[in-house]
Amino acid sequence: MKEYILLEKKLHPHSLPQDYIKLIFQHEFGPGHLIADPLVAEGRLLGEWQETHDLPCEAEQDIGNGYVRVSLKGLDKAQLGRLNEAFVKSANEGGGSNYAFEEKLDLFIKMAEEGCFSFDFDTAYKAVATYLMEGIRPTSHTKQYHQHYKPAYRVVKKEYWK
């Protein structure tokens with residue numbers, strides 16, 4: 001997990017603790033929610049793609065545990081059906097464990113204590129504690145992350161995308 005946290009730091013240096021929590025969640029649980037209607041998911045995907053496909057292309061980001069973030073920026077429209085299929089399959093497959101997720105959050109806090117980030121240990125610790133008080137669930141990127149990176153991607157299992 002440490003290598004994926006450090007990769008996120010390199011690719012997105014303005015990330016805040018909540019952004020790392022999101023990464024760790026996706027690493028452990030993948031997309032993290034069931035997709036009841038693939039057509040609704042495809043409609044959302046098309047809408048997000050229309051807003052972002054003209055932005056500079058971004059490479060896939062390996063987030064570990066068999067998952068990648070597939071960017072919509074620069075993605076050919078012809079790939080959307082395949083991406084949605086991989087996303088729905090990845091999301092509905094489930095997996096991951098709360099225990100393993102919490103261990104990875106502990107690693108993140110330890111890294112903050114070692115001075116790996118631009119924020120301090122207290123900031124990381126409080127962010128994780130606040131997150132856990134509300135229960136383990138998918139979370140959003142921070143406003144700062146959105147301002148700097150305009151994230152637009154789907155988390156999918158590599159095996160379904162390749």
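Just so you know, these numbers use all the heavy atoms, side chains as well, and skip hydrogens, waters and symmetry mates.
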What distance separates [X] [atom1] from [Y] [atom2], expressed to the nearest 0.5 Å?
X      : Y      : atom1 : atom2 : result
Asn84  : Leu39  : CG    : CG    : 8.5 Å
Tyr20  : Leu107 : OH    : CG    : 12.5 Å
Met111 : Met1   : CE    : CE    : 8.5 Å
Tyr160 : Ser90  : OH    : OG    : 6.5 Å
Ile24  : Asp19  : CD1   : CG    : 11.0 Å

- Only counting residues at least two apart or in another chain, list the ones meeting salt bridge (Lys or Arg N to Asp or Glu O under 4.0 Å) with Lys158.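 Listed in chain order: Asp62.
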- Task: State, with a plain yes or no, whether a side-chain heavy atom of Val156 is found less than 4.5 Å away from one of Trp161.
- Result: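 SC-SC contact between Val156 and Trp161 confirmed.
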- Task: Taking the side chain as every heavy atom from C-beta outward, state whether Leu83 and Leu45 have any pair of such atoms under 4.5 Å apart.
- Result: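 Sidechains of Leu45 and Leu83: in contact.
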- Item | Qualifying residues under ring pair (Phe, Tyr, Trp, His ring centres under 6.0 Å), relative to His14, sequence neighbours excluded |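 With sequence neighbours excluded, His14 shows a ring pair (Phe, Tyr, Trp, His ring centres under 6.0 Å) to His148, given in chain and number order.
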- By ring pair (Phe, Tyr, Trp, His ring centres under 6.0 Å) - contacts of Phe29 (at least two apart):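 Applying ring pair (Phe, Tyr, Trp, His ring centres under 6.0 Å) to Phe29 gives Phe25, Phe101.
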If two hydrophobic side chains count as joined below 4.5 Å and joins carry through other members, does [X] share a cluster with [Y]?
X      : Y      : answer
Phe121 : Leu105 : yes
Leu46  : Val70  : yes
Phe108 : Ile136 : yes
Ile63  : Leu72  : no

Sequence neighbours excluded - salt bridge (Lys or Arg N to Asp or Glu O under 4.0 Å) pairs with any residue from [range]:
range            : result
residues 122-148 : Glu134-Arg137
residues 2-13    : Glu8-Arg69
residues 70-85   : Glu58-Lys73

- Query: Aromatic rings His141 and His146: how do their planes relate, parallel, tilted or perpendicular, breaks at 30° and 60°?
  - Reply: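 Plane angle over 60°, so perpendicular.
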- Who are the side chain to side chain contact (heavy atoms under 4.5 Å, CB included) partners of Ile35, not counting sequence neighbours?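 With neighbours one apart ignored, the set is His33, Ala41, Phe87, Val88, Ala91, Asn92.
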- Under the side chain to side chain contact (heavy atoms under 4.5 Å, CB included) test, which residues partner Thr139, sequence neighbours left out?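 Expected list: Gln18, Ile21, Lys22, Tyr131.
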- Excluding sequence neighbours, so at least two apart, what forms side chain to side chain donor-acceptor pair (under 3.5 Å) with Asp120?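 Partners of Asp120 by the side chain to side chain donor-acceptor pair (under 3.5 Å) criterion, ordered by chain and then number, come out as Thr123.
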- Message: For residues 34-57, which residue pairs pass the side-chain hydrogen bond (donor to acceptor under 3.5 Å, both in side chains) check, not counting sequence neighbours?
- Response: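 Every pair satisfying side-chain hydrogen bond (donor to acceptor under 3.5 Å, both in side chains) with a residue in residues 34-57: Glu48-Arg154.
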- Return each pair, listed once, that meets side-chain hydrogen bond (donor to acceptor under 3.5 Å, both in side chains) where at least one residue sits in residues 101-118; pairs must be two or more places apart or across chains.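 Every pair satisfying side-chain hydrogen bond (donor to acceptor under 3.5 Å, both in side chains) with a residue in residues 101-118: His27-Lys104, Glu28-Lys104, Tyr99-Glu103, Lys110-Glu114.
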- Message: Clusters formed by hydrophobic residues whose side-chain heavy atoms approach within less than 4.5 Å: which one holds Tyr149, and what are its other members?
- Response: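 Reading the cluster by chain and number, Tyr149 sits alongside Tyr145.
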- Message: Between Thr130 and Ala127 (side chain of the first, backbone of the second, donor and acceptor by atom type, cut-off under 3.5 Å), is there such a pair?
- Response: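 Such a contact is absent between Thr130 side chain and Ala127 backbone.
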- Item | Chi angles and distances behind the salt bridge (charged side-chain N to carboxylate O under 4.0 Å, His left out) call for Lys89, Glu159 | CA-CA 11 Å; Lys89 194 170 182 180; Glu159 66 185 279; over 6 Å; no
- For Ser15 and Phe119, which heavy atoms make the closest approach, and how far apart are they?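 Result for this residue pair: O-CE2, 3.6 Å.
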- Query: Between Ile5 and Leu23, what is the shortest heavy-atom contact and its length?
  - Reply: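 That closest heavy-atom pairing would be CA-CD2, 4.0 Å.
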- Query: Quick one: do the Gln26 and Tyr4 side chains pair a donor with an acceptor below 3.5 Å?
  - Reply: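 Tyr4 and Gln26 do not have a side-chain donor-acceptor pair below 3.5 Å.
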